[in-house]
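Take a look at the structure set out below.
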Amino acid sequence: NAGVTQTPKFQVLKTGQSMTLQCAQDMNHEYMSWYRQDPGMGLRLIHYSVGAGITDQGEVPNGYNVSRSTTEDFPLRLLSAAPSQTSVYFCASSYRSRGPNTEAFFGQGTRLTVV
Amino acid sequence: GENVEQHPSTLSVQEGDSAVIKCTYSDSASNYFPWYKQELGKGPQLIIDIRSNVGEKKDQRIAVTLNKTAKHFSLHITETQPEDSAVYFCAAKPFSGNTGKLIFGQGTTLQVKP
């Protein structure tokens with residue numbers, strides 16, 4: 001199993017450009033999430049999905065779109081990049097359990113710089 | 001809204017000493033509290049977790065304690081080693097219909113000096 005795969009690993013964008021960060025998992029997990037990591041602010045939830053066709057907003061959704069057409073893929077779209085979106089982005093997935101335990105498996109991250 | 005506060009932001013210890021990281025959460029209905037370790041250039045990885053119906057859990061040199069009344073939980077690392085140096089995140093799972101959603105703390109950078 002590859003686990004959670006994110007592409008690209010690094011990206012530089014100009015202000016106003018759009019792009020899609022890719023995330024794929026091969027563990028048949030129902031739940032997938034996107035987080036951004038900024039110094040001193042931890043991991044903040046952008047969007048999440050509980051299954052194909054279902055998405056919802058997290059703490060910091062503005063400027064980002066997501067869709068979940070398959071169980072495996074959960075792309076994150078930046079519509080019009082801004083310098084404030086310079087960050088490290090992590091995708092995570094977890095299985096749906098009967099109880100509260102829900103280990104999240106993270107990708108290696110995408111380091112995005114907007115100039 | 002749901003919030004998790006984590007302290008300290010940085011922690012430096014001598015090899016062999018103990019390290020303690022503390023977190024508080026706002027949602028009293030939170031029912032699951034994992035801890036993640038992030039090594040340089042990598043994604044976070046789960047190291048230990050605790051459910052809301054348990055007060056303490058141990059795994060070799062790592063332990064987590066939970067005080068539901070005070071809404072805080074802590075990570076204890078004993079006999080620290082240089083390979084324990086990393087960023088540690090606490091998290092809380094809100095009781096929101098089992099969505100897999102986690103709210104993370106701000107992170108603690110632990111440095112273990114040889």
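Every chain is numbered from 1 and lettered A, B, ... according to where its sequence line falls, protein lines coming before strand lines.
The two atoms that bring R68(A) and T70(A) nearest to each other are NE-O, 3.2 Å, heavy atoms only. The minimum heavy-atom distance between W34(A) and Q6(A), with the atom names listed, is CZ3-NE2, 3.5 Å.
Considering only heavy-atom pairs separated by less than 4.5 Å from chain A, the leading option among V4(B), D49(B), L102(B), T109(B) is L102(B). Taking G43(B), G41(B), G107(B) one by one and counting their heavy-atom pairs under 4.5 Å with chain A, the maximum is reached by G43(B).
For Y31(A) and Y95(A), the distance between ring centers is not under 6.0 angstrom. Taking the six-membered ring for Trp and the full ring otherwise, the centers of H72(B) and Y25(B) sit at least 6.0 Å from each other.
With a 4.5 Å cut-off on non-hydrogen atoms, Y35(A) touches chain B through its side chain but not through its backbone. With a 4.5 Å cut-off on non-hydrogen atoms, P44(B) touches chain A through its backbone and its side chain both. Interface residue L45(A): only side-chain heavy atoms are found under 4.5 Å from chain B. Within the 4.5 angstrom heavy-atom criterion, only side-chain atoms of Y36(B), from C-beta onward, approach chain A. Only the side chain of I103(B) comes within less than 4.5 Å of a heavy atom of chain A; its backbone N, CA, C and O stay farther away. For a residue to count as touching a neighbouring chain, one of its non-hydrogen atoms must lie under 4.5 Å from one of that chain's; by this rule Q6(B) does not touch chain A. Proximity to chain B is limited to the side chain of Q37(A), based on heavy atoms less than 4.5 angstrom apart.
Distance CD/Q22(A) to OG1/T7(A): 5.0 Å, rounded to 0.5 Å. Within the model, atoms NE2 of H76(B) and CD1 of I48(B) stand 10.0 Å from one another, a figure rounded to the nearest 0.5 Å. In this structure, OG in S93(A) is found 9.5 Å from CD in E103(A), a value given to the nearest 0.5 Å.
Using bins of under 30°, 30° to 60° and over 60° for the plane-to-plane angle, the ring pair F90(A)/F106(A) lands in the perpendicular bin.
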Show your reasoning for whether salt bridge (Lys or Arg N to Asp or Glu O under 4.0 Å) applies to K37(B) and E39(B).
CA-CA 7 Å; K37(B) 176 183 180 182; E39(B) 295 176 344; 3.6 Å; yes
Apply salt bridge (Lys or Arg N to Asp or Glu O under 4.0 Å) to residues E5(B) and K22(B) and explain how you reach the verdict.
CA-CA 8 Å; E5(B) 295 287 334; K22(B) 298 182 179 182; over 6 Å; no
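Interface with chain B: from residues 51-60 of chain A, residues E59(A) qualify, criterion being any non-hydrogen pair under 4.5 Å.
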